[in-house]
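Each remark here refers to the structure printed beneath this line.
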There are 2 protein chains.
Amino acid sequence: MKRGRITMNDVAELAGVSTMTVSNVINDRVRVSPEARERVLAAIRESGYQINAAARSLRSGRSGVIGLAVPQVGNAYFGMFAALVIEEAQRHGYHVAVEQTGAVAVGEAAAVAQSRRLQLDGLILSLANAEADAPGLPLTDQSPPLVVLGEQDPAGRFDHVTVANEAGTAAATAHLIDQGCKRIAVVTGGNLDRLTMFTRRYNGYRTALEERGIRPDPRLRFVVDALSREGARATGHRIADSGLGVDGVVALNDMVAMGVIRGLHDRGVSVPGDVRVIGFDDLPESEVFIPSLSTVRPDHRWKAAKAVDLILSRIDDPLIPPREFTAPFEVVQRESTA
Amino acid sequence: MKRGRITMNDVAELAGVSTMTVSNVINDRVRVSPEARERVLAAIRESGYQINAAARSLRSGRSGVIGLAVPQVGNAYFGMFAALVIEEAQRHGYHVAVEQTGAVAVGEAAAVAQSRRLQLDGLILSLANAEADAPGLPLTDQSPPLVVLGEQDPAGRFDHVTVANEAGTAAATAHLIDQGCKRIAVVTGGNLDRLTMFTRRYNGYRTALEERGIRPDPRLRFVVDALSREGARATGHRIADSGLGVDGVVALNDMVAMGVIRGLHDRGVSVPGDVRVIGFDDLPESEVFIPSLSTVRPDHRWKAAKAVDLILSRIDDPLIPPREFTAPFEVVQRESTA
DNA sequence: TTGTAAGCGTTATCAG
DNA sequence: CTGATAACGCTTACAA
């Protein structure tokens, strides 16, 4: 066994062929004679050769890696989604580099810059910052193809995959009305000035109420301070203590819904007995939660697969005009709205 | 604005210096005169130059990226842990590439091979396969420094960070005994033949019972089939239906504990009224679960920081002998064992 | 302090 | 079908 790094040259020497033949075998590029191919493969096995990704990437301009930038992999939703993207990319022979943006504009910009530095072949970027004065993304003609997830693609300049935020939340709200709820609160996130996921879901709630002839009561809009389980729990307390006679809650997502249920529980308010609650996302834990959580379930795998497909097709042809897709969803009824 | 990729050469030309001066400014290597430095920085800003990571990595042999290989980023525990590692690495100027092993030996081997291909500067590998005939890792003298997490470092050849699986589970079991439980079941994972996390935690349970003079009853050992929430829920059903008079459950982790509680709930068994349940990990969701989950909380951030420190110190000096660390833990009492 | 020259390991190109 | 040659963009080593 040779000491030091084993290169393609070493393999070539071992196999008694030229470096290019080794390269051709590895990349299955041009036709190589069966004998030569066999000798090369044997030499690779024998030497334990591994291709050097840096050299390949430098020369070819391609890395075989696509980036996925999400706010937080520790968040159940994004962790699950990342796993799906990794699977889908793998199916096409690509690796995935996961970045965290922290849901702030500078993080999102950094992910774009990083994608260029690392020679990523594409970037799936989950946009989530709610900053009013967020600067644009630092895109150049060197940036790899971009697929945007989330609500913040105002200009429609990129491929875009989203979920039916308005329709989904409207369906969730309608479901509560069908269950007999009269005083339906909504729990949303911060800033509703910009077109964020929060805004869209809030709009879906309003739309559903209005369609049923219910006048939205602004006092029934609760804003969760910190977008965390504990923040949502505190919101549950505020709902229980509000004296507004709330008998239904539309939560902006499952994590918040569970926090709210917990907060209500802390105050002796039972779900679904006293208040019915519905979420959005259908996290893995939602089915096991007590009470199991009714929710809007977007087809997460569809979304992941579509994002990967869009990236790959744009790698093939960077000039196709931007496309937009919305993942299908269904309302899942469980105990929390029984 | 120049078309095509902007290289260090372009920046040098723009600044009226040599390429090396640009490189020296970027890497803050040798002393550069203030004027030259300023001109270079201006040229970088003006041109939007981004260093090419592939070229740097090819030449220097370093990528500035460390790998983190975990079974599944969609798993709440590993998602949370990945977020911590990314933060800690960032603090030291490193990026993190996340790989998934699927908790199988081939996946773990692939992560090691990949770390070499990608020129990663180090690899944090969470070993979790329970396969009896798992082959060794494909390590060569080209492999980057390795830090192993989990229980499966039989030879003690690598830096190793673990949690106090035995002591933690023993403390959890002792806590149930202190709460008055007499018939304490344990819910563990598959294969107990090898020294896995499952085995260690199971041993901690036995140790605690024996220390308190309780003879372990083999019928009280429940194996969760699929290591999933649904598998754990089914195990809850089996416990409720067993007729063994179980009044306490030590679950191998929080995800399983919550599934078991849900399964007991399905059968009308109340927690903690009829059965007390304790988990392991202290997931973010455990505090909001109803009932809130008592658990063993290892110091996850400590573990992440230690893993990163070990990698970095070994990058500095590959020759230091393997070191082993165990994260501190505490038992957190909540409603599920009240 | 700055610049010149060489080469890291791979692949595109083109000649055999 | 195979091989020689020249880059890809950067940093190491050394010279000025």
Side-chain angles (χ1 to χ4, degrees), chain A residues 2-41 43-44 47-65 116-121 140 142 144, chain B residues 2-41 43-44 47-65 116-121 140 142 144:
Chain A
K2 181 172 187 293
R3 292 211 62 75
R5 174 164 275 282
I6 300 140
T7 74
M8 205 177 254
N9 257 309
D10 302 328
V11 174
E13 206 167 313
L14 209 70
V17 297
S18 79
T19 318
M20 267 323 290
T21 299
V22 176
S23 176
N24 286 330
V25 167
I26 286 175
N27 296 296
D28 210 11
R29 196 170 302 279
V30 300
R31 297 188 56 76
V32 176
S33 73
E35 312 91 75
R37 145 173 271 102
E38 204 36 73
R39 287 222 306 286
V40 168
L41 291 175
I44 288 173
S47 60
Y49 169 73
Q50 293 267 348
I51 199 159
N52 181 324
R56 161 183 280 181
S57 174
L58 174 60
R59 179 62 237 222
S60 71
R62 293 195 170 192
S63 61
V65 179
R116 181 145 75 96
R117 265 198 292 278
L118 295 180
Q119 309 260 91
L120 299 183
D121 294 343
T140 73
Q142 304 307 320
Chain B
K2 180 173 185 302
R3 293 212 62 76
R5 174 163 274 282
I6 301 140
T7 74
M8 204 178 255
N9 257 309
D10 301 329
V11 174
E13 206 166 312
L14 208 72
V17 298
S18 79
T19 317
M20 266 322 290
T21 301
V22 178
S23 175
N24 285 331
V25 168
I26 287 175
N27 296 298
D28 210 12
R29 196 170 303 280
V30 300
R31 297 186 55 76
V32 177
S33 73
E35 314 88 76
R37 145 174 269 101
E38 206 36 71
R39 289 221 306 286
V40 167
L41 292 176
I44 288 173
S47 61
Y49 170 73
Q50 292 268 349
I51 199 161
N52 181 323
R56 162 185 277 180
S57 174
L58 174 59
R59 180 63 237 228
S60 71
R62 290 194 173 195
S63 61
V65 179
R116 179 145 75 95
R117 265 197 294 276
L118 295 181
Q119 310 260 87
L120 300 183
D121 294 343
T140 72
Q142 305 307 321

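Numbers restart at 1 for each chain; the letters A, B, ... are given by sequence-line order, proteins then strands.
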Taking the side chain from [X] and the backbone from [Y], do they hold a donor-acceptor pair closer than 3.5 Å?
X	Y	value
B:S23	B:T19	no
B:S47	B:V11	no
B:R117	A:A53	no

How many whole angstroms separate atom [atom1] of [X] from atom [atom2] of [N]?
X	N	atom1	atom2	answer
A:I26	C:dT10	CD1	C1'	10 Å
A:L58	C:dG7	CG	C1'	12 Å
A:M8	C:dA12	CE	C1'	13 Å
B:R117	C:dC8	CZ	P	22 Å
A:Q50	C:dC8	CD	P	20 Å
A:I44	C:dT10	CD1	C1'	14 Å
A:N52	D:dC10	CG	P	16 Å
A:Q119	C:dT10	CD	P	16 Å

Measuring from atom CG of B:L118 to atom OG of B:S57, what distance do you get when rounded to the nearest 0.5 angstrom? 9.0 Å
Can you tell me how far the CD1 atom of A:I44 sits from the CD1 atom of A:I51, to the nearest 0.5 Å? 8.5 Å
Need one value for B:N24: base, sugar-phosphate or nothing, where a base atom within 4.0 Å counts as base even if backbone is also close, heavy atoms only. nothing
Once you apply a heavy-atom cut-off of 4.0 Å, does A:A54 come out as touching a base, just sugar-phosphate, or nothing? nothing
End-to-end bend of the helix from C:dT1-D:dA16 to C:dG16-D:dC1 (five-pair axes, 10° rounding)? 30°
Taking the side chain as every heavy atom from C-beta outward, state whether B:R37 and B:L41 have any atom pair closer than 4.5 Å. yes
Contact check, side chains of B:N27 and B:R56, non-hydrogen atoms, under 4.5 Å: yes
With a 4.0 Å limit, can you tell me whether A:S57 has a side-chain N or O closer than that to the phosphate oxygens OP1/OP2 of D:dC8? no
N or O in side chain of A:N9 less than 4.0 angstrom from C:dT10 OP1/OP2: no
Which pair of non-hydrogen atoms, one from [X] and one from [Y], has the smallest distance, and what is that distance?
X	Y	answer
B:L58	A:A55	CD1-CB, 3.6 Å
A:S63	A:L120	OG-CA, 3.6 Å
A:R116	B:R5	O-NH2, 3.9 Å

Can you spot which of B:I26, B:V32, B:N24, B:V17 makes a side chain to side chain contact (heavy atoms under 4.5 Å, CB included) with B:V40? B:V17
Could you write out each protein N or O paired with an N or O of nucleotides 14-16 of chain D at a distance under 3.5 Å?
none

B:S33 or B:S60, whichever maps to the more 5' nucleotide of DNA chain C: B:S33
Taking the minimum atom-to-atom distance to the side chain of [X], which one of [options] wins?
X	options	result
A:A55	C:dT10, C:dT1, D:dT2	C:dT10
B:V32	C:dT11, C:dT2, D:dT2	C:dT2
A:Y49	D:dC8, C:dT10, D:dC10	C:dT10

Please list residues of residues 15-23 of chain B whose heavy atoms come under 4.0 Å from any atom in DNA chain C, ordered by number; otherwise none. B:V17, B:S18, B:M20, B:T21
Please confirm whether any donor atom in the side chain of A:R59 sits under 3.5 Å from an acceptor in the base of C:dT10, or the reverse. no
